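Keep in mind that what you see is a predicted model, and the values were worked out from it rather than measured.
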Amino acid sequence: TIMNLAKSLVRTAALALAVGLFTAGCATQGYKKADRTGINLQNFRKDVVEFKQALDASLARLNEVSQAAATNPRPAFEAYTKSLTRLGAASRRTDKQAQTLQKQGEAYFQQWQRDLETINNPEIRQVAQERKEQQKQLFERLDPLMKQLWSHYDPLFSDLQDLRKLLSQDLTESGIRAAAGLIRRNTDLGASVQSHLDEVAREAGMISDGLMAARTPIAPDAKAAPK
């Protein structure tokens, strides 16, 4: 009947208005917080890539020491020593950023929970709750990957530092040859850590894309004068 149709239209309009008000209120700040978290994830991914590059460099310099054992290993050893300093700084920077992200993520989802609890319409609240849980699960995939990374990296970095100490006392050809097996073993361990870093970088990019609102690139002005 016309009366039932009118009631249906009113209900639909009320639902749409409720969505609009929530979007204009809580979600206005919410998506901006998500964007900030996404941008920080992108910066974190850059730190992870630089971390991997620093590890690559340290492993390469260590192998160069081994290769130069019979000629002149001094320059390679000095380069290896400097590379470990850069590697330590890169790992600490990554760890600090990861901890900051964890705190930021917890605050973001706590605020989201508070916001959705103000929604009166149960249908809208249910959708908001489901989306929050989906995004939270997406974000939380990073933490176990970081724990796996550190469980492999920490003993590797300790060994790389110990090898520097060993070689600093005995940089002779025979001394380097005696450490050859340890160098090969840590090079293999380094390859495993590199794989973990690749996985963390890949996951950080996926999480960032999942949290941030889409952005349409601005098309260049076709009428602009060529440079």
Side-chain angles (χ1 to χ4, degrees), residues 1-52 91-151 196-222:
T1 65
I2 294 177
M3 183 62 69
N4 289 336
L5 176 61
K7 289 180 179 179
S8 177
L9 289 174
V10 169
R11 182 176 179 277
T12 302
L15 181 61
L17 178 61
V19 173
L21 289 174
F22 180 68
T23 302
C26 300
T28 298
Q29 295 181 0
Y31 85 80
K32 290 181 179 179
K33 290 179 180 178
D35 280 352
R36 284 197 295 271
T37 302
I39 291 171
N40 287 338
L41 274 161
Q42 292 174 351
N43 293 333
F44 169 70
R45 184 183 180 280
K46 292 178 183 177
D47 287 340
V48 172
V49 171
E50 291 176 0
F51 182 3
K52 182 174 183 287
S91 66
R92 288 190 296 272
R93 186 165 57 248
T94 300
D95 185 33
K96 182 179 179 180
Q97 181 70 344
Q99 293 181 36
T100 299
L101 275 173
Q102 185 67 26
K103 293 178 182 178
Q104 185 179 30
E106 290 174 357
Y108 167 61
F109 288 110
Q110 287 170 1
Q111 183 61 53
W112 192 345
Q113 180 65 35
R114 287 192 292 269
D115 288 345
L116 68 85
E117 287 173 358
T118 66
I119 304 174
N120 295 319
N121 186 294
E123 290 182 69
I124 300 175
R125 187 168 59 251
Q126 179 64 27
V127 172
Q129 183 69 44
E130 290 174 355
R131 285 298 301 151
K132 191 211 78 170
E133 291 303 322
Q134 290 171 0
Q135 295 296 77
K136 190 169 183 287
Q137 289 175 11
L138 176 68
F139 185 84
E140 289 176 345
R141 289 189 342 214
L142 191 61
D143 185 56
L145 291 178
M146 292 304 299
K147 289 178 179 177
Q148 289 180 6
L149 169 63
W150 297 127
S151 69
H196 284 291
L197 285 166
D198 285 337
E199 188 175 6
V200 169
R202 184 166 51 250
E203 195 69 26
M206 292 175 61
I207 296 171
S208 174
D209 292 342
L211 289 177
M212 296 178 69
R215 294 180 183 271
T216 303
I218 300 176
D221 188 351

Inter-residue atom distance Gln137.CD - Ile207.CD1, 0.5 Å rounding: 12.0 Å

Donor-acceptor pair, side chain of Ser208 and main chain of Gly205, under 3.5 angstrom: no

Straight-line distance of Lys132 NZ to Gln111 CD, nearest 0.5 Å: 11.5 Å

Atom pair CG (Asp35) and CG (Leu41), whose distance is rounded to the nearest 0.5 Å: 11.5 Å

Polar side-chain atom of Arg125 near backbone of Asn120 as donor-acceptor pair, under 3.5 Å: yes

Polar contact flag, side-chain donor to acceptor under 3.5 angstrom, Arg45-Gln42: no

Closest heavy-atom pair and its distance - Phe44, Ala204: CD2-CB, 4.0 Å

All salt bridge (charged side-chain N to carboxylate O under 4.0 Å, His left out) counterparts of Glu133, not counting sequence neighbours: none

Minimum heavy-atom distance Leu138-Gly210, with the two atoms named: CD2-CA, 3.9 Å

Under 3.5 Å: donor-acceptor pair, side chain of Thr100, backbone of Lys96: yes

Salt-bridge criterion met for Asp143 and Lys147 (N-O under 4.0 Å): yes

Pairwise distance CD(Gln102) to CE(Met146) - rounded to 0.5 angstrom: 10.5 Å

Test side chain to side chain donor-acceptor pair (under 3.5 Å) applied to Glu130 and Gln134, step by step: CA-CA 6 Å; Glu130 290 174 355; Gln134 290 171 0; 5.5 Å; no

From CG (Asn40) to CG (Leu211), nearest 0.5 Å: 11.0 Å

Aromatic ring pairing Trp112/Phe109, orientation class (parallel under 30°, perpendicular over 60°, tilted between): parallel

Phe51 and Val200: CA distance, side-chain angles, deciding distance, side-chain contact (heavy atoms from CB on, under 4.5 Å) verdict: CA-CA 11 Å; Phe51 182 3; Val200 169; over 6 Å; no

Thr37 versus Leu101, closest heavy-atom pair with distance: O-CD2, 4.2 Å

Any residue meeting salt bridge (charged side-chain N to carboxylate O under 4.0 Å, His left out) with Glu140, in chain and number order, not counting sequence neighbours: Lys136

Nearest-0.5 Å distance that lies between atom CZ in Arg92 and atom CG in Asp47: 13.0 Å

